[in-house]
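Proteins come first, then strands; the chains are lettered A, B, ... in the order of their sequence lines, and each starts at number 1.
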2 protein chains.
Amino acid sequence: MQIGELASATTTKVTTIRFYEEIGLLRRPARTASGRRTYGLSDVDRLNFIRNSRRLGFSIDEIRSLLALADQPERDCSEATDIASRHLADVEERLRQLGALRDELASMSAAGCCAKTMAECRVIQAIARPVA
Amino acid sequence: MQIGELASATTTKVTTIRFYEEIGLLRRPARTASGRRTYGLSDVDRLNFIRNSRRLGFSIDEIRSLLALADQPERDCSEATDIASRHLADVEERLRQLGALRDELASMSAAGCCAKTMAECRVIQAIARPVA
DNA sequence: ACCCCTTTCTACAGCCACTAGAGGATTTAG
DNA sequence: CTAAATCCTCTAGTGGCTGTAGAAAGGGGT
């Protein structure tokens, strides 16, 4: 399998695959005589794992750890679950902050600014107000 | 007022102020004989506006537009409210996506992974599953 | 006058996770 | 045989800063 096929099998861009190789997330594959990368089914699995992790918001470093752990099947899996639950806590925190932000923006918009001039625009005034 | 005082008056880092000047968000200030930047109260206002906008998640480009509009007091303010409501819609969209992500992560964690080996770690398996 | 510490200056590199483009080689289809 | 697609390497750009190096200037105490 060449890089393009791997890309479409995993809905990844070709450049991204080469990038993952460069930063060491994917192993350097064998090459054809002319220098083209060749991949196997295990590479599809590994790349799918990486893409799913990214979709779930794991950082490259977290993925590196998860992959390293997954490569040691006999090992205790508590480290992996730790990474995941820490990530969940992060997401919940961001969710709370974003919710607060939404409320702030929504109340700004709700104040309304019915076709007046910039000089008395309430939205601008709301932004300009120092942090409460 | 020198740059350090402006920084502490707006809880901004000195380097960030210089960065905002470089990208044109803040005007180039007057300098002392020895080349130090000097600021006035209007710079405090402008920088506070910028910092509040960032805190609300507006991009630098959006802030540039908002500032340009705010500088024309007689102008109709519909453009400014448009920027704000578009931003609110963006935030709500991200909020939805992040909520879905949290649910996915939470159900992963809920599956539990009680001290087993990596080989049968459910979290790892959940991540590896192709996109449903 | 001297010393030292802090602030300020410029200019540049680094962060994250890619993405895009130049410019060339090779492969495949018609 | 040619044209299009795919591949290669290398470099630079994105956003929003942050951090560093090395130098100059300012202020306070002895």
Side-chain angles (χ1 to χ4, degrees), chain A residues 1-26 28-39 43 46-67 83 87 90-91 94 97-98 101, chain B residues 1-39 43 46-67 83 87 90-91 94 97-98 101 127:
Chain A
M1 192 191 318
Q2 291 198 356
I3 199 169
E5 201 180 339
L6 175 61
S8 56
T10 57
T11 56
T12 309
K13 298 199 176 173
V14 166
T15 46
T16 305
I17 295 176
R18 287 196 280 248
F19 168 72
Y20 286 159
E21 179 185 328
E22 197 175 286
I23 63 172
L25 271 195
L26 291 175
R28 326 208 140 207
R31 304 273 189 141
T32 67
S34 67
R36 299 194 169 194
R37 292 165 175 84
T38 53
Y39 298 95
D43 296 301
R46 192 176 176 94
L47 185 48
N48 270 330
F49 184 90
I50 295 170
R51 296 308 287 173
N52 281 333
S53 302
R54 287 294 301 139
R55 193 179 53 83
L56 292 169
F58 290 96
S59 73
I60 297 286
D61 261 6
E62 286 170 330
I63 298 172
R64 226 187 285 274
S65 303
L66 289 173
L67 282 171
I83 292 173
H87 182 57
D90 277 6
V91 167
R94 270 194 292 151
Q97 288 183 358
L98 203 56
L101 176 58
Chain B
M1 194 190 314
Q2 291 199 355
I3 199 169
E5 200 179 341
L6 176 62
S8 56
T10 57
T11 55
T12 309
K13 298 198 174 172
V14 168
T15 45
T16 306
I17 295 176
R18 287 196 281 250
F19 169 73
Y20 285 160
E21 179 185 328
E22 196 177 287
I23 63 172
L25 270 195
L26 291 175
R27 320 161 180 123
R28 327 210 138 208
R31 303 274 189 140
T32 67
S34 67
R36 301 193 168 193
R37 291 166 175 83
T38 53
Y39 297 96
D43 296 301
R46 192 176 176 93
L47 185 48
N48 270 330
F49 185 90
I50 294 170
R51 295 307 287 172
N52 281 331
S53 302
R54 288 294 301 140
R55 194 179 54 82
L56 291 169
F58 289 96
S59 72
I60 298 287
D61 262 6
E62 285 170 331
I63 298 172
R64 227 188 285 275
S65 303
L66 289 173
L67 282 170
I83 292 174
H87 181 58
D90 277 5
V91 168
R94 270 193 293 152
Q97 288 183 358
L98 204 56
L101 175 58
I127 298 174

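Whole-Å rounding puts the A:Glu21 CD to D:dT9 C1' distance at 12 Å. Going from atom CD1 of B:Ile23 over to atom P of D:dG15 covers 10 Å, rounded to whole Å. When the C1' atom of C:dA17 is taken as reference, atom OH of A:Tyr20 falls 7 Å away, rounded to whole Å. We find that CD1 of A:Ile50 is positioned 12 Å from P of C:dA17, with the value rounded to whole Å. Here C:dA11 presents its P atom at 9 Å from CD of B:Glu22, a figure rounded to the nearest Å. Regarding A:Glu5, its CD atom lies at a distance of 14 Å from the C1' atom of D:dC7, rounded to whole Å. In this structure, B:Ile60 places its CD1 atom 14 Å from C1' of D:dT18, rounding to the nearest Å. The separation between B:Arg31 atom CZ and D:dA25 atom P is 14 Å, rounded to whole Å.
For D:dT18, the OP1/OP2 oxygens have a side-chain nitrogen or oxygen of B:Thr16 closer than 4.0 Å. Taking only side-chain nitrogens and oxygens, B:Gln2 never comes nearer than 4.0 Å to OP1 or OP2 of C:dT7. Within the structure, a side-chain polar atom (N or O) of B:Ser34 is placed less than 4.0 Å from OP1 or OP2 of D:dG26. Here B:Arg54 reaches the OP1 or OP2 of D:dG16: one of its side-chain N or O atoms lies under 4.0 Å away.
Ranking C:dT19, D:dC7, D:dT18 by closeness to the A:Val14 side chain, first place goes to D:dC7.
No hydrogens or angles considered: nothing links the side chains of A:Tyr39 and A:Arg46 as a donor-acceptor pair under 3.5 Å.
Where A:Arg36 and A:Phe19 each meet DNA chain C at their nearest nucleotide, the meeting point lying more 5' is that of A:Phe19. Residues B:Thr15 and B:Asp61 each lie close to DNA chain D; by heavy-atom proximity, the contact nearer the 5' end of the strand is made by B:Asp61.
Among the protein residues, B:Arg51 comes within range of the sugar-phosphate backbone only, with heavy atoms under 4.0 Å from sugar or phosphate atoms but none that close to a base. Among the protein residues, A:Phe58 comes within range of no part of the nucleic acid, since none of its heavy atoms lies under 4.0 Å from any strand. Here A:Ile3 lies in heavy-atom contact (under 4.0 Å) with sugar-phosphate atoms only. Using a 4.0 Å heavy-atom cutoff across all strands shown, A:Arg37 reaches sugar-phosphate atoms only and no base atom.
Remark: side-chain polar atoms of B:Arg27 are not paired, donor with acceptor, to backbone N or O of B:Asp43 under 3.5 angstrom.
Using a 4.5 Å heavy-atom threshold, the side chains of A:Leu25 and A:Phe19 count as separate.
Counting heavy atoms of neighbouring residues, nucleotides and ligands inside a 6.0 Å radius, atom CZ of B:Arg28 does not exceed 12 of them.
B:Phe58 and B:Arg54 get closest at one heavy-atom pair: O-NH1, 2.7 Å.
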